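Heads up: the structure comes next, in structure tokens.
This one's a predicted model, so the numbers in the text were calculated from it and none came from an experiment.
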Amino acid sequence: MDCTKCDREAVMHAAYSGAHLCEHHLFESVERRVRRRIREDDMLPDDATPEDPETWVVGLSGGKDSVVLLDILEETFAEDPRVELVALTIHEGIEGYRDESLDACEELVADRDVRHEVVTYADEFDVEMDDVAEEDPLDMAPCAYCGVFRRDLLARYAEEYGADKLLTGHNLDDEAETALMNIFEGNVEQVAKHFDASLGPFDERTPKEDMIPRAKPLRDVPEKEVALYAQLRELPVHMEECPHASEAFRGEIQDLLLELEENHPGTRHSIMAGYEELAGLAADEYGDENEDVGECEECGAPTTRDRCRKCALVEAVDAV
Ligand code: SF4
């Protein structure tokens, strides 16, 4: 089958748009959607200048999504001194997994002009995820600890590096799954937080005070296209799944979405279009919740409790 846009051979078919794309036009299409998202979310303010650039900290795990995101951002802003990129890798202490993905991160940044920082759970919290998963003092899924620890470090180090934005490599599938999970759980407050944390233009959000704005420039690109982009560009990507991955509900939603997308191409796009509008309304309704945010009495992180969740989890893990 030929490419819809030229006479080269197609490498993929996007059922949701009907397009068959060759390698060249797949690259162009993915990059265009990332750049359009940066524009439409107003990520780059007019007052950013080479003398006073924006600093964007990008979470880099070594998986396909964050690798593709950093690759496109670096390519986009290589000649634009209004944006400085800092890649931040979190090492959780998972044997046979994170060291290998760290190799992919280092290979990626080796020939690119991007500052790369690595922070570890071991240094920061004196814990390794392998031990947490084995001891599991609160009888929770490993990801429930790991997600809290990771969010804390991303936020803390983004601040330390002077970030104006904190970027992560969530793709369209990730975002549509989160949208459905929030709706199926009936959690309107969570829907509002999702909007303020990463959806819509920045001037429409009401992010928490002292919280660095989050952005997900890859959120219009389906997961399969991200994977194909990484493969055809021969980017260094670590493909293994974490041995502690355990989000059972998300797995069910993933299966559901795959089936829906197969039977009704475009489902993910329409979920996100409607959800973003609903989430914006929910954010308007719940915006005042921000007034309750204070500082953790132990570490100073923003929290709505006396002590943040991360400090409580570290204490529980230490007590074992
Ligand atoms: Fe952490 Fe879960 Fe991700 Fe593994 S899958 S790195 S345990 S959040």
Side-chain angles (χ1 to χ4, degrees), residues 33-48 54-59 65 69 143-144 147-148 150-152 154-156 158-159 163-222 247 249-250 253 257 266-296 301-305 308-310:
R33 277 174 281 174
V34 171
R35 290 169 189 151
R36 187 183 63 199
R37 179 47 66 198
I38 289 170
R39 252 191 341 269
E40 289 188 354
D41 282 356
D42 295 327
M43 281 184 61
L44 189 53
D46 294 339
D47 58 3
E54 282 259 305
T55 299
W56 291 358
V57 169
V58 185
D65 302 306
L69 175 61
C143 300
V148 172
R150 182 186 302 107
R151 279 192 294 279
D152 177 82
L154 282 173
R156 191 143 45 94
E159 190 162 339
D164 296 292
K165 310 264 171 1
L166 173 56
L167 281 61
T168 53
H170 294 78
N171 60 49
L172 176 64
D173 297 54
D174 297 328
E175 289 295 89
E177 286 158 19
T178 301
L180 283 190
M181 287 166 75
N182 287 342
I183 287 171
F184 287 171
E185 285 166 348
N187 194 338
V188 182
E189 210 171 316
Q190 198 57 37
V191 172
K193 280 186 190 161
H194 191 187
F195 182 85
D196 285 337
S198 58
L199 304 173
F202 280 95
D203 62 357
E204 290 177 16
R205 303 190 204 168
T206 50
K208 285 181 190 148
E209 244 176 79
D210 298 333
M211 187 172 134
I212 293 166
R214 308 298 203 259
K216 299 173 180 171
L218 208 54
R219 68 186 169 93
D220 298 317
V221 186
E247 283 195 281
F249 185 39
R250 184 174 285 273
I253 298 285
L257 258 184
T267 296
R268 289 163 303 187
H269 291 85
S270 47
I271 287 173
M272 287 316 295
Y275 176 81
E276 193 165 315
E277 216 166 301
L278 282 174
L281 294 173
D284 287 345
E285 185 67 25
Y286 282 83
D288 290 341
E289 299 290 323
N290 290 326
E291 287 171 6
D292 298 333
V293 176
E295 284 187 1
C296 170
T303 179
T304 51
R305 318 165 200 206
C308 73
R309 179 86 176 130
K310 179 262 307 178

| field | With sequence neighbours excluded, residues passing side chain to side chain donor-acceptor pair (under 3.5 Å) with E175 | value | H194, K216
| task | Enter the distance from L180:CG to N182:CG here, rounded to the nearest 0.5 Å. | result | 9.0 Å
| said: So H269 and L172, do their side chains get closer than 4.5 Å, heavy atoms only? | reply: yes
| task | Could you check L167 against M43 for side-chain contact (heavy atoms from CB on, under 4.5 Å), going step by step and ending with a plain yes or no? | result | CA-CA 10 Å; L167 281 61; M43 281 184 61; 3.8 Å; yes
| task | With sequence neighbours left out, write down each residue that passes side chain to side chain donor-acceptor pair (under 3.5 Å) with R35, or none if nothing qualifies. | result | T76
| said: Could you work out, with side-chain contact (heavy atoms from CB on, under 4.5 Å) as the rule, every residue matching A279, not counting sequence neighbours? | reply: V191, F195, L199, Y275
| query | Mind checking whether L166 and L154 have side chains closer than 4.5 Å, heavy atoms only? | reply | yes
| How would you list, by chain and number, every residue that makes a salt bridge (Lys or Arg N to Asp or Glu O under 4.0 Å) with D65, sequence neighbours excluded? | none
| request: Kindly write out the residues that satisfy side-chain contact (heavy atoms from CB on, under 4.5 Å) with E277, not counting sequence neighbours, or none if the list is empty. | output: none
| Who passes salt bridge (Lys or Arg N to Asp or Glu O under 4.0 Å) against R33, sequence neighbours left out? | E225
| Yes or no on side chain to side chain donor-acceptor pair (under 3.5 Å) for R205 and S198, after CA distance, side-chain angles and deciding distance? | CA-CA 9 Å; R205 303 190 204 168; S198 58; 5.9 Å; no
| query | With sequence neighbours excluded, what pairs up with R309 under the side chain to side chain donor-acceptor pair (under 3.5 Å) test? | reply | none
| request: Over all heavy atoms of both residues, which pair between C308 and C296 is shortest? Give the atoms and the distance, please. | output: N-SG, 3.2 Å
| Which distance, rounded to the nearest 0.5 Å, do you find between the CD of E54 and the NZ of K165? | 3.5 Å
| side-chain contact (heavy atoms from CB on, under 4.5 Å) with E159: which residues, sequence neighbours excluded? | I212
| said: For a salt bridge (Lys or Arg N to Asp or Glu O under 4.0 Å) check, start with the C-alpha distance between D41 and R219, then their side-chain angles and the critical distance, and finish with the verdict. | reply: CA-CA 11 Å; D41 282 356; R219 68 186 169 93; 2.9 Å; yes
| message | I'd like to know if the side chain of D164 reaches the main chain of T55, judged simply by a donor and an acceptor atom lying under 3.5 Å from each other, with no hydrogens or angles considered. | response | yes
| Minimum side-chain heavy-atom gap L69-P217 below 4.5 Å | yes
| message | Please enumerate all residues that pass side chain to side chain donor-acceptor pair (under 3.5 Å) together with T267, with sequence neighbours excluded. | response | none
| said: Tell me every residue that passes salt bridge (Lys or Arg N to Asp or Glu O under 4.0 Å) with R151, counting only those two or more places apart in sequence or in another chain. | reply: none
| request: Using the test salt bridge (Lys or Arg N to Asp or Glu O under 4.0 Å), find all partners of D174 that sit at least two apart in sequence or belong to another chain. | output: none
| How far does CD of E177 sit from NE2 of H170, to the nearest 0.5 angstrom? | 10.0 Å
| task | Check whether any side-chain heavy atom of M181 sits under 4.5 Å from a side-chain heavy atom of R250, and report yes or no. | result | yes
| message | As an exercise, state the distance from CD1 of I271 to CG of L278, rounded to the nearest 0.5 Å. | response | 12.0 Å
| Side chain proximity check, E295 to P302, heavy atoms < 4.5 angstrom | no
| request: Flag the pair V148 / D152 as yes when at least one side-chain heavy-atom distance between them is below 4.5 Å, and no otherwise. | output: no
